[in-house]
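The block underneath contains the structure these notes are about, expressed in structure tokens.
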Number of protein chains: 2
Amino acid sequence: MIYSSELIKGTLKTIVLKQLENNKRMYGYEITQRVKVLTSDRIQITEGALYPTLHALEAEGLVTTETEYIGKRIRKYYTLSPDGKTRIDEKISELADFMNTMKFLLDIKPQPL
Amino acid sequence: MIYSSELIKGTLKTIVLKQLENNKRMYGYEITQRVKVLTSDRIQITEGALYPTLHALEAEGLVTTETEYIGKRIRKYYTLSPDGKTRIDEKISELADFMNTMKFLLDIKPQPL
DNA sequence: CAAATATACATAAGAATATTATGCATTAAT
DNA sequence: ATTAATGCATAATATTCTTATGTATATTTG
């Protein structure tokens, strides 16, 4: 199952920040691939969504960047800033709370183990 | 806590359809009030979001409508269609699955009871 | 009883954020 | 040699929300 796009909306920044928290230093393409693998292809972040999001996170001061050349190919690494570290914890708490509310509202039972 | 708006995006149709499943027959304003109460004010559906959504659900054939006058005031009741009943089950399954994926991806632990 | 609040519908301008398409370029695989 | 993968990025478009506005009736409160 690939989730319908509306669902993923609103969670992209959180997903990206979390990956940076887990892996210290990542480049854009790497983030898309890791999320794809971690979710067994369920979440596929497109480039048109990713890059504007990364640029927005940088503009908000939540990530910092370093550019490197791997051979002749450019690679732009992103790292969580101190503000970003604070923000990701807040965002995850909010999302966890939201998901509990949705479970209640939609009468979703915890699936049997 | 009132959830940041991005979070709610993509779940509005599901919330509305679920309310109609639970309550058979509701009008727009009633839906906003019920959701507000059920979520202890955490989710407040604005009219600018609600009415276009209801119209879209009607255009998709997921709900049917009946208009009634209560005194001189008009009231438009919405009821889930057979297609809507099928769709709400699908949407809830998808959302439940998505939330599990997000919990895993964001390393969210089940909160202690 | 007048004013404020609640009820009840609706649309429109604008913002945010995704999709889809396109572009450029290097490197690896068939 | 061609295709696929890697890697960045932007632009046009679509979707869907917020905020503001509009109209009108009913109820509550000072």
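The sequence lines fix the lettering, A, B, ..., with proteins before strands; numbering per chain opens at 1.
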note = B/S/- along nucleotides 15-26 of chain C (protein heavy atoms under 4.0 Å) is --SSBB-----B

Please report the shortest heavy-atom distance between [X] and [Y], naming the atom on each side.
X: A:L106; Y: B:I15; answer: CD2-CA, 4.3 Å
X: B:T65; Y: B:E58; answer: OG1-OE2, 3.0 Å
X: A:Y29; Y: A:L50; answer: N-CD2, 4.4 Å
X: A:Q19; Y: A:M26; answer: O-SD, 3.5 Å

ask   = Would one find a side-chain N or O of B:H55 under 4.0 angstrom from OP1 or OP2 of C:dC9?
value =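 Checking B:H55 against C:dC9: no side-chain N or O falls below 4.0 Å of OP1 or OP2.
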
ask   = Hey, does the side chain of A:Y51 come within less than 4.0 Å of D:dC8's phosphate (OP1/OP2), counting only N and O?
value =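 Checking A:Y51 against D:dC8: at least one side-chain N or O falls below 4.0 Å of OP1 or OP2.
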
task = State plainly whether the residues B:K109 and B:D107 are in salt-bridge range, i.e. N to O under 4.0 Å.
result =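 Salt bridge flag = yes for B:D107 with B:K109.
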
ask   = Are B:K91 and B:E94 close enough for a salt bridge, meaning some N to O gap below 4.0 Å?
value =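 Here B:K91 does not pair with B:E94 in a salt bridge, since their nearest N and O are not under 4.0 Å apart.
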
Side chain of B:I74 - closest among C:dA8, D:dA9, C:dC9 =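 The answer is C:dC9, which lies nearest to the side chain.
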
task = Using atom types as modelled and distance alone, determine if a side-chain donor or acceptor of B:T101 lies under 3.5 Å from a backbone N or O of A:T39.
result =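 Not at all, since once roles are kept as given, no pair shorter than 3.5 Å links the two residues.
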
inquiry  = I need the residues from residues 21-38 of chain B with at least one non-hydrogen atom less than 4.0 Å from DNA chain C; give them sorted by number, or say none.
reply    =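 Heavy-atom cutoff 4.0 Å gives B:Y27, B:G28, B:Y29.
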
ask   = C:dA6 P sits how many Å from B:R75 CZ, rounded?
value =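 Going from CZ in B:R75 over to P in C:dA6 covers 17 Å.
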
ask   = B:R87 versus B:L80: any side-chain heavy-atom pair under 4.5 Å?
value =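 No, every pair of side-chain atoms sits at 4.5 Å or beyond.
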
